[in-house]
Amino acid sequence: MSLNSFKKLKSRVLVTEEGEVCPKCGSKEIIVDFDSGELVCSKCGLVIGKSIFMEGRDWRSFSTEEFRERARAGAPVTPARTEYGLDTKIAYTKRISWRALTSLRRSQRYARTRREKNIMPALIKLRAAAERLDLPTHTVEDAAKLYRMAASKGLVKGRSVNAMVAAVTYAACRRTEVPRFLEEIASFFNLSEKEVGRTFRFIFRKLKVKIPPPKPEIYVSRIVSKLRLPQSVTIKAIKALRIAREIGITLGREPAGAAAGAVYLATQMEGISRTQKELAKAVLVTEVTVRNRYREFLEKVMPILKEEAESPPPSMED
DNA sequence: AAGACGAAAGTGGTTGA
DNA sequence: TCAACAACTTTCGTCTT
């Protein structure tokens, strides 16, 4: 295979390893398909091996928690790194000349430069934010993916990279149901809530990516852990929120406020004293909002909650 | 004294003409 | 583009623990 024909393949890399021969046609020209990660015979297309992607870790972890998470995910390919973490793992062979290999490397580097150079600073910022905001890996990867989508549509041009990264970070949190507030993310990037919000709306209108409003439930565990409340409160609060949704009093309301109201209700039921102020502070709403949600819950959810507790024996689903 | 409660007025965002 | 609107916030006075 000539270098020219390699270039035509673009996403594929010649990888003829020593002794690797296609069992079907006997060809020694085996290539890697970068889309699937498979070893493929360039002549007849037979898939010979699963993957030549490196199997070791190609990521770092910032904490034991993150290590565990990443180790479990186990994927060596990540959109959160330039070239999806594959950039240096190019072909190696004894069958093409040193000269050809050098040329190949150069063209690869050139390709990387064009495609990836622009987004590198963004990915660096993203990783810094992820560390500080303590985001799980899959959220970071989603953010990186969204950034790539936005970048490939030219939405970054003429806008601040900072605002862009902040917006995709926030979006990824929403998509992966990680309870983080726009305010928190904006302040990390030293931006106003308004600016991040505007950028957020702009790109997702353009990208046509739908992002549903957050569920109140995701904030419950956040409140509970912040105020060191028992598990029983979580269970009661979630139950209350479920009922609230069924009777339609969570629609259009601030989800975090609803969560705080539900948790307050739960603490009252459990005889635990926490002030409305504490609850409000945990999810960045005011006491008044907590109070209003609580009042609604007390009026409309409480009766149903009691009824359910009395009537049938607890079912397996709960 | 601190927390809970509710009323009233102000604010920023959404919606529909 | 503008006005109406709902939800939330701020502020404040009163009641309860």
Side-chain angles (χ1 to χ4, degrees), chain A residues 146 150 155 159-160 162-164 166-175 177-220 222-224 226-230 233 236-238 240-303 305-306:
Chain A
L146 291 170
L155 301 176
R159 285 172 184 277
S160 112
N162 240 357
M164 217 58 189
V168 296
T169 304
Y170 177 64
C173 288
R174 292 269 296 266
R175 276 156 60 97
E177 306 204 325
V178 173
R180 297 289 181 279
F181 297 107
L182 185 57
E183 192 181 327
E184 295 173 308
I185 290 165
S187 86
F188 173 81
F189 286 93
N190 275 323
L191 294 165
S192 71
E193 219 174 312
K194 205 173 172 180
E195 192 175 357
V196 180
R198 201 178 46 219
T199 311
F200 168 77
R201 280 190 297 276
F202 169 76
I203 33 181
F204 296 99
R205 198 174 51 237
K206 293 279 180 189
L207 285 179
K208 291 181 180 142
V209 174
K210 277 174 292 176
I211 300 176
K215 295 190 182 110
E217 281 89 339
I218 66 172
Y219 296 109
V220 171
R222 185 184 157 127
I223 301 169
V224 166
K226 221 167 190 174
L227 302 185
R228 303 184 182 285
L229 295 164
V233 171
K236 279 218 164 63
I238 300 263
L241 285 171
R242 198 200 69 223
I243 294 166
R245 198 200 323 281
E246 280 166 11
I247 60 176
I249 60 168
T250 52
L251 278 173
R253 264 68 190 270
E254 175 87 43
V263 173
Y264 187 69
L265 179 77
T267 56
Q268 295 291 103
M269 289 169 74
E270 296 282 298
I272 300 162
S273 65
R274 287 290 186 281
T275 64
Q276 296 177 351
K277 200 173 178 178
E278 287 176 298
L279 273 296
K281 205 178 155 195
V283 285
L284 309 178
V285 296
T286 60
E287 297 166 63
V288 182
T289 303
V290 177
R291 200 148 57 223
N292 290 340
R293 290 298 84 74
Y294 168 63
R295 194 153 47 116
E296 268 182 347
F297 276 70
L298 211 55
E299 284 168 13
K300 294 170 183 167
V301 175
M302 211 33 180
L305 206 56
K306 268 187 177 167

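First the proteins, then the strands, lettered A, B, ... as listed; each starts at 1.
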For the student: nearest non-hydrogen atoms of A:Lys226 and A:Ala282, plus distance: NZ-O, 3.8 Å
Residues which pass side-chain hydrogen bond (donor to acceptor under 3.5 Å, both in side chains) with A:Arg159, listed by chain and number, not counting sequence neighbours: none
Are the ring centres of A:Phe204 and A:Tyr170 closer than 6.0 Å? no
Generate the contact string for nucleotides 4-17 of chain B. Rules: B means base contact, S means sugar-phosphate contact only, - means no protein heavy atom under 4.0 Å. SBB-----------
Expressed in angstrom and rounded to an integer, what is the separation of A:Glu254 atom CD from C:dT10 atom P? 12 Å
Less than 4.0 angstrom from a charged side-chain N to a carboxylate O is my criterion; do A:Arg293 and A:Glu296 meet it? yes
Using a 4.0 Å heavy-atom cut-off across all strands, classify A:Arg293 as base, sugar-phosphate, or nothing. sugar-phosphate
Which atom of A:Ala167 lies closest to which atom of A:Ile203, heavy atoms considered: CB-CD1, 3.8 Å
If the condition is salt bridge (Lys or Arg N to Asp or Glu O under 4.0 Å), which residues does A:Glu246 pass it with, not counting sequence neighbours? A:Arg242
Contacts of A:Phe297 that satisfy ring-ring contact (aromatic ring centres under 6.0 Å, His included) - sequence neighbours left out: none
Where each pair must be Watson-Crick or G-U wobble with both distances under 3.5 Å, what dot-bracket representation of DNA chain B is obtained, with crossing pairs in [ ] and other-strand partners as |? |||||||||||.|||||
side-chain hydrogen bond (donor to acceptor under 3.5 Å, both in side chains) partners of A:Glu195, counting only residues at least two apart: none
